[in-house]
Amino acid sequence: MAALALITSGIGVAAADSGEPTKPPVSSATKATVEQRETAKPQVVEPRKDAPAAASCQQVKEQAQAGKETMLCVERVPAAKAPRNVARAAAADDVTWCDGKEMNKAYVTRTSICENQLLHAVLTVKQTGQPLGDAYFTIKQEVNTKTTDTHFNEDFFLRVQAVSGALVAGFTVEIEGQCVASSACEEGIGPWTGPAPVTLLSEKEGTWQRSWKNTTGNDTMMLGYKLTTRYGTEKADHEWGANESRAWEVRCDNEVDKFAGCVVPQYIPTFEVKSKYSEARQFIGMVQASMSSHPGWEGKGQPLTRESDDKVAQKNRDIVCDSTFKPSPSTPKPTQCDEFPFAKSKQSGAQQGVTSGKVCQQYTVVASTLEGKQYLSLTWPGLKEGKMPPANAKCARASMPKNQNEGVGGDLGRFTKAQRLLGGNGYWVDAGNKL
C-alpha cells in the first residue's frame with residue numbers, strides 16, 4: 001500500500017508530534033464499562049487448533065489477479081504491522097478493561113470476556129490486483145456476566161482510524177451476532193441495525209443484551225460475530241467468535257447455590273488458602289511442592305476439578321482418612337484428619353487408585369510452648385534427617401487442628417458457590433508457593 005497515502009485521525013497525528021498518543025474522549029455509552037474494570041487476573045484463551053483459517057488479503061489479491069470476483073478484503077493485523085500512528089491511536093482508546101493489552105487476543109475473567117481487534121480493509125482492482133484504497137479500524141468488545149443473574153450484556157465499539165484512496169469517500173459496516181444454542185439463548189438487537197456509513201473518525205457503538213432462557217440444569221452458549229464491510233457492490237466478511245476460540249463461551253446454570261447465574265467457563269479461578277489458617281496453608285503448600293504432580297499449583301501442575309457427588313466425596317474421605325489415621329497427641333485438640341488433594345476433588349487419592357491413606361504423605365501439626373506462648377509447626381517423618389515426603393505419593397493427610405481443617409473446608413464451599421463450579425470444573429489452589 002506504499003503508493004497510497006493514509007489519512008489518519010487527529011489521534012494519530014498527535015501521537016506522531018508528541019511521541020505519546022492523545023486519548024479521545026470516552027463516549028457516555030462506554031464510561032460505565034471503563035469504571036467497572038475487572039480486578040481478577042485475566043487469562044488468555046488461545047484459538048482452537050482446528051479453527052478455520054480466514055483468507056488473508058494477499059490471498060484475495062491473488063484471487064483477483066486470477067479473475068475472481070472478490071476485490072475487497074478485511075483481515076486482522078498485529079499492531080506492529082500497522083502504521084505507527086494507527087497502532088498508537090488504537091492503543092489510546094479507553095473503552096474496555098483489556099485496553100493496553102496485546103490486540104487480537106481474547107482475555108477472560110470468571111465473569112467477563114474482552115478483546116480488541118485491529119482490522120485492515122483493502123480494496124483492489126480485479127484485473128491487476130493493484131490497490132485502490134485501504135482503511136484501518138478497531139473493534140473493541142466486552143461481555144459481562146453476573147454469577148447471580150441470567151442476563152448478560154456486551155458493549156461493542158468500532159472506530160475508523162485511517163483511510164486512503166477510494167475508501168476516503170466512505171464505506172459501510174454491518175455487524176451481526178449469533179448466540180448458539182438459540183434454544184437456550186435469547187438475544188436482543190445488535191449495537192446498530194443494517195449497513196452503517198462510516199468515514200475517517202467514524203464511531204459506531206452499542207450494547208447487546210442476552211439472557212439464558214432455561215431455568216434448570218446448565219447450558220453453554222457460544223457467541224459468534226460477522227462484520228460485513230461494503231464499498232459499492234463489493235463486500236468482505238470478517239468472522240470470529242466461538243468458532244475460533246472457546247473464550248467466546250458463556251455458561252449459565254441453576255445447579256450451584258439458590259440463585260441461577262452465568263460465568264465464563266474457560267476462566268480457571270483460584271482458591272486462596274487464607275493465611276489465618278497458617279498450618280493448613282503450609283500443609284497444602286508443602287504437598288504441592290513435594291509431590292511430583294504438584295496438584296492444583298498454577299504454573300507447575302494441573303488444576304483440581306470439583307467432585308460434585310457428595311457420596312463420592314465421602315468415600316474419598318473415608319479411604320484417605322481410614323482407620324490407619326491416628327490423631328497425634330502433639331496436635332492441639334480437637335484434632336481432625338486433613339487431606340489434600342481435597343476429598344471434594346476428582347484428584348483425591350481415592351480416585352487415583354489409593355485404597356488406604358497409609359500410603360499417602362503423612363504430616364503432623366505439632367504445638368510447642370515458649371515463654372508461655374503456644375507455637376504450631378508442621379512436621380513429617382524424616383524431617384529431622386533432611387528427608388522430603390515421597391514425591392510419587394498420590395495423596396497426603398495431616399493431623400490438623402479442627403478449626404484450621406474446617407476453616408479451609410468452609411472457604412472452599414463458599415468459593416465453589418461464588419465461582420459457580422460445576423462437577424468437573426477446574427480451579428487452582430494458592431497456598432503461597434512461588435514459582
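The aromatic rings of Trp248 and Tyr225 lie perpendicular to each other, with more than 60° between the two planes, well past the 30° mark.
Partners of Asn116 according to the side-chain hydrogen bond (donor to acceptor under 3.5 Å, both in side chains) rule, which considers only residues two or more places apart in sequence or in another chain, are Thr96, Asp99. A search for side-chain hydrogen bond (donor to acceptor under 3.5 Å, both in side chains) contacts involving Glu406 returns Gln336, not counting sequence neighbours. Asp309 pairs by the side-chain hydrogen bond (donor to acceptor under 3.5 Å, both in side chains) definition with nothing, not counting sequence neighbours. Shown here are the side-chain hydrogen bond (donor to acceptor under 3.5 Å, both in side chains) partners of Lys204, two or more places apart in sequence or in another chain: there are none. With sequence neighbours excluded, the residues that form a salt bridge (Lys or Arg N to Asp or Glu O under 4.0 Å) with Glu176 are Lys226. Here Asp310 pairs with Lys344 under the salt bridge (Lys or Arg N to Asp or Glu O under 4.0 Å) rule; sequence neighbours left out. Scored by the side-chain contact (heavy atoms from CB on, under 4.5 Å) test, Arg414 finds Asp411 as partners (sequence neighbours excluded).
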Residues Trp192, Val173; criterion side chain to side chain contact (heavy atoms under 4.5 Å, CB included); working and verdict: CA-CA 10 Å; Trp192 66 87; Val173 290; 4.0 Å; yes
Pair Lys311-Lys315, side chain to side chain contact (heavy atoms under 4.5 Å, CB included): steps then yes or no: CA-CA 6 Å; Lys311 291 183 179 179; Lys315 183 179 178 181; over 6 Å; no
Criterion side chain to side chain contact (heavy atoms under 4.5 Å, CB included) on Thr229 and Phe171, from CA distance to verdict: CA-CA 7 Å; Thr229 304; Phe171 49 97; 3.7 Å; yes
Verdict with supporting geometry, Glu203 and Arg159, salt bridge (Lys or Arg N to Asp or Glu O under 4.0 Å): CA-CA 4 Å; Glu203 294 180 359; Arg159 175 185 280 125; 2.3 Å; yes
Working for side chain to side chain donor-acceptor pair (under 3.5 Å), residues Gln161 and Thr138: CA-CA 7 Å; Gln161 304 285 13; Thr138 50; 3.2 Å; yes
Verdict with supporting geometry, Glu339 and Cys321, side chain to side chain contact (heavy atoms under 4.5 Å, CB included): CA-CA 8 Å; Glu339 69 219 85; Cys321 292; 3.8 Å; yes
Evaluation steps, salt bridge (Lys or Arg N to Asp or Glu O under 4.0 Å), between Arg76 and Glu244: CA-CA 13 Å; Arg76 280 196 192 99; Glu244 65 176 13; 2.5 Å; yes
Check against side chain to side chain donor-acceptor pair (under 3.5 Å), Asp338 and Gln404: CA-CA 9 Å; Asp338 193 4; Gln404 298 223 13; over 6 Å; no
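Looking only at side-chain heavy atoms (C-beta outward), Thr109 and Trp97 come within less than 4.5 Å of each other. Between Val256 and Gln419, every side-chain heavy-atom pair lies at or beyond the 4.5 Å cut-off.
Rounding to the nearest 0.5 Å places CG of Asn153 at 12.5 Å from CH2 of Trp208. To the nearest 0.5 angstrom, Ile189 atom CD1 is 8.5 Å from Gln209 atom CD. Separating the CG atom in Asp253 from the CG atom in Asn425 is a distance of 8.5 Å, to the nearest 0.5 Å. Within the model, atoms NE2 of His238 and CG of Leu119 stand 4.5 Å from one another, a figure rounded to the nearest 0.5 Å. Note that CD of Gln117 and CG of Leu227 are 8.5 Å apart. Values are rounded to the nearest 0.5 Å. Atom-to-atom distance recorded for Tyr363:OH and Gln361:CD is 3.5 Å, nearest 0.5 angstrom.
Asp149 places a side-chain N or O within donor-acceptor distance of the main-chain N or O of His151, the cut-off being under 3.5 Å. Although no hydrogens or angles enter the test, the distance criterion places no donor-acceptor pair under 3.5 Å between the side chain of Arg210 and the main chain of Glu186. Although no hydrogens or angles enter the test, the distance criterion places a donor-acceptor pair under 3.5 Å between the side chain of Ser245 and the main chain of Ala247. Using modelled atom types, one side-chain atom of Ser290 and one backbone atom of Met286 make a donor-acceptor pair closer than 3.5 Å. Lys140 contributes no side-chain N or O that, together with a main-chain N or O of Asp94, makes up a donor-acceptor pair within less than 3.5 Å. No donor-acceptor pair closer than 3.5 Å links the side chain of Asp134 to the backbone N or O of Val122. Looking only at distances, no side-chain donor or acceptor of Tyr107 sits under 3.5 Å from a matching main-chain atom of Ser112. Remark: side-chain polar atoms of Gln314 are not paired, donor with acceptor, to backbone N or O of Ala343 under 3.5 angstrom.
The shortest non-hydrogen separation linking Pro332 to Val365 is CD-O, 4.3 Å. In this structure, Ser345 and Asn316 approach most closely via the heavy-atom pair O-ND2, 3.9 Å. Residues Pro191 and Ile175 share a closest heavy-atom pair of CD-CG2, 4.0 Å. In terms of heavy-atom proximity, Met221 sits nearest to Cys185 at SD-CB, 3.4 Å.
Legend: ring pair (Phe, Tyr, Trp, His ring centres under 6.0 Å) pairs involving residues 326-361, not counting sequence neighbours, sorted by first then second residue: Phe340-Phe342. Within the structure, side-chain hydrogen bond (donor to acceptor under 3.5 Å, both in side chains) contacts touching residues 373-402 (residues at least two apart or in different chains) are Asp322-Arg397, Thr324-Arg397, Thr331-Ser399, Gln362-Arg397.
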Name each donor-acceptor pair under 3.5 Å that joins a side chain in residues 211-220 to protein atoms two or more places apart or in another chain, with its distance.
from, atom 1, to, atom 2, distance (Å)
Trp212, NE1, Asp219, OD2, 2.8
Lys213, NZ, Ser182, O, 3.0
Asn214, ND2, Asp219, OD2, 2.7
Asn218, ND2, Glu255, OE2, 3.0

Listing, residues 293-305 side-chain donor-acceptor contacts under 3.5 Å, not counting sequence neighbours, or none:
from, atom 1, to, atom 2, distance (Å)
His294, ND1, Gln288, O, 2.7
His294, ND1, Met291, O, 3.0
Thr305, OG1, Gln347, OE1, 3.2
Thr305, OG1, Gln347, NE2, 3.0

Going by atom type alone, with no hydrogens or angles, which donor-acceptor pairs under 3.5 Å involve a side-chain atom of residues 260-285 and a protein atom two or more places apart or on another chain?
from, atom 1, to, atom 2, distance (Å)
Tyr267, OH, Lys41, O, 3.1
Arg281, NH1, Val273, O, 2.5

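Taking the ring axis of Phe152 as reference, the NZ or CZ atom of Lys146 does not stay both within 45° of it and closer than 6.0 Å to the ring centre.
Side-chain contact of Glu142 with Asn144: a donor-acceptor pair under 3.5 Å is present, judged by distance alone. For the residue pair Ser348 / Glu307, no side-chain donor-acceptor distance below 3.5 Å is found, with atom types taken as modelled.
Using a 4.0 Å cut-off between charged nitrogen and carboxylate oxygen, Arg230 and Glu174 count as a salt-bridge pair.
More than 12 heavy atoms of other shown residues, nucleotides or ligands fall within 6.0 angstrom of atom CG in Leu383.
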